[in-house]
Visitor: 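So that we are looking at the same thing, I have put the structure below in structure tokens.
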Protein chains: 2
Amino acid sequence: MRPKSVVKEEAIRQEALRIIAEEGLENLSMQRLAKAAGISPRTIYIKYENKEDLLVKLFIDVVLGAYETAVLKDFSEDMTLDAGVTAIWRNTFHYFRKNRERFVLMQYGRSSPLLNKAYQERDIGMGAFFAPIHRFLQRHVRAGLLPRYPHEVLRALLFAPLFDLVQEYFEYRDRPRQIITEKLVLDAAAAVIRGLKKPGK
Amino acid sequence: MRPKSVVKEEAIRQEALRIIAEEGLENLSMQRLAKAAGISPRTIYIKYENKEDLLVKLFIDVVLGAYETAVLKDFSEDMTLDAGVTAIWRNTFHYFRKNRERFVLMQYGRSSPLLNKAYQERDIGMGAFFAPIHRFLQRHVRAGLLPRYPHEVLRALLFAPLFDLVQEYFEYRDRPRQIITEKLVLDAAAAVIRGLKKPGK
DNA sequence: ATTTTAAGTAAATAATCGTTTACTTACTTT
DNA sequence: AAAGTAAGTAAACGATTATTTACTTAAAAT
């Protein structure tokens, strides 16, 4: 039996990410993707059930999966609130700064009904990814440092401004001078930490 | 000369918003829209140049325009930081809570290349909408209450968690018990305000 | 009341969509 | 070396896309 070509598999994923980042998810068609990857449309269907299967796997495996491991690098549940949040922010900024294509698909996950389903089930909802961060936050809640908000609220306060800043980083990408720098991102992290803490702590 | 029917015009916009909210922007076609609005496809092209023109006008006029006026209701540049930010948060939450369809299209504006162009040009970039809020923030910067971050950073800290909470509000819409309540949103507003302020103020 | 004119309709346009059919190629197993 | 088999290709499938052509309708202007 002839083995599946990992080279072609990789070309499919790479070209799919590129087309989505450069021309939008709405302009990704199977025939365009096949042509860009230098293969026949049928080949895509050997590796993926259909278009939805391809997009969900791209989103879950390549974008979310890789982000999960990147964000938890050097992160530990036992860190102080300041150290932990700073690590999450720094890791996220570093990861997406060098992976714009993945960030673009990540943002589609918020609006596209197809990807949003996968997004909620796997990721941030309460999956293995968020679990360490969840326990980290709950520890500081029990210690009296953080207020007892539902974790959806803590998550919004913690992650939403971060993703917005990454988006800003890329929007001003071709301007004369970059506005969003690492220093600024870490300053914003400090502001978020101040806001999260119970008043007077 | 026969006058344009405002009824049909309104039906087009309403059905477009409904289809986008219920089935996603990617499932809105001109023929489906025409059928849903009870008209001929050609009629849409009497009122709009093409699909892009329709979507941009829907986004700018109906979603962004109406949000701009809603968020600035009862808001004044002269307010204290706490009062101003609280007003912005409360107004935003109230507006989108009763306008889910508009919120869905708003979120598409973050990822869809087509809408994102309009988004940046008109809105939050530095348009007439954000100007009063920008001056409000700058006044508190000059007073020494807020740090001198670029306004992109202040905007991210101020708005991003708010939109995330509205998203959460709708995601748990059909659960037994609503998680995101107005009280919780205003608690989160207070947290954001604490974070924004210079340390020690 | 008739003319004028743009609004509106039904149906068709070419292009493109996701997916499949019919066939060939290349690699593993015997 | 030959047989077997799934990977891969080229071309086509019907369905659907945005938009237009040819025609009808309704209302304002004469």
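Below, read A as the first sequence line, B as the second, and so on, with proteins coming before strands; counting in each chain starts at 1.
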Visitor: Rounded off to whole Å, could you give me the CD1-to-C1' distance for the B/Ile39 and C/dT9 pair?
Guide: 10 Å
Visitor: When you measure from the side chain of B/Lys51, which nucleotide among C/dA7, D/dT19, D/dT9 comes out closest?
Guide: D/dT19
Visitor: With under 30° as parallel and over 60° as perpendicular, where do the rings of A/His134 and A/Phe130 fit, or are they tilted in between?
Guide: tilted
Visitor: Test A/Phe96 against every option in A/Phe170, A/Phe163, A/Tyr169 by the ring pair (Phe, Tyr, Trp, His ring centres under 6.0 Å) rule and name the one that passes.
Guide: A/Phe163
Visitor: Could you state the OH-P distance from B/Tyr48 to C/dG8, rounded to the nearest angstrom?
Guide: 12 Å
Visitor: Let me know the distance between CD of B/Gln31 and P of C/dA11, rounded to the nearest Å.
Guide: 13 Å
Visitor: For C/dT9 and B/Lys35 - does any side-chain N or O of the residue sit under 4.0 Å from the phosphate oxygens OP1/OP2?
Guide: no
Visitor: Establish, with yes or no, whether the OP1 or OP2 oxygen of C/dG8 is under 4.0 angstrom from a side-chain nitrogen or oxygen of B/Lys47.
Guide: yes
Visitor: Could you say whether B/Arg42 or A/Thr43 is positioned toward the 5' end of DNA chain D, judged by the nucleotide with the nearest heavy atom to each?
Guide: A/Thr43
Visitor: Do the side chains of B/Leu33 and B/Leu54 get nearer than 4.5 Å, heavy atoms only?
Guide: yes
Visitor: Just to be sure I understand the rule, does A/Ile44 reach a base, reach only the sugar-phosphate, or reach nothing, if contact means heavy atoms closer than 4.0 Å?
Guide: nothing
Visitor: Across the strands shown, which category fits B/Leu54 at heavy-atom distances under 4.0 angstrom: base, sugar-phosphate, nothing?
Guide: nothing
Visitor: Tell me the interatomic distance from B/Glu10, atom CD, to C/dA7, atom P, rounded to whole angstroms.
Guide: 18 Å
Visitor: Given C/dT19, D/dA27, D/dA7, which nucleotide is nearest the side-chain atoms of A/Asn50?
Guide: C/dT19
Visitor: What integer distance in Å separates A/Leu55:CG from C/dT19:P?
Guide: 10 Å
Visitor: As a test of reading the structure: which of D/dT17, C/dA10, D/dA27 is closest to the side chain of B/Ser29, going by heavy atoms?
Guide: D/dT17
Visitor: Does the side chain of B/Ser40 get closer than 4.0 angstrom to OP1 or OP2 of C/dA11 through an N or O atom?
Guide: no
Visitor: Nearest to the side chain of B/Pro3, which nucleotide is it out of D/dA27, C/dT19, D/dG8?
Guide: D/dA27
Visitor: Looking at every heavy atom in both B/Tyr48 and B/Arg13, which two are closest together, and how far apart are they?
Guide: OH-NE, 2.8 Å
Visitor: Locate the shortest heavy-atom distance separating B/Ile88 from B/Phe159; write the atom from each residue and the value.
Guide: CG2-CE2, 3.8 Å
Visitor: Specify the separation, in whole Å, of atom CE of B/Met30 and atom P of D/dT20.
Guide: 10 Å
Visitor: Measure the distance from CZ on B/Arg2 to C1' on D/dC23 and round it to the nearest whole Å.
Guide: 13 Å
Visitor: Can you tell me how far P of C/dG18 sits from CD of A/Glu49, to the nearest Å?
Guide: 16 Å
Visitor: Counting only side-chain heavy atoms from C-beta out, which of C/dG8, C/dT19, D/dA18 sits nearest to A/Pro41?
Guide: C/dT19
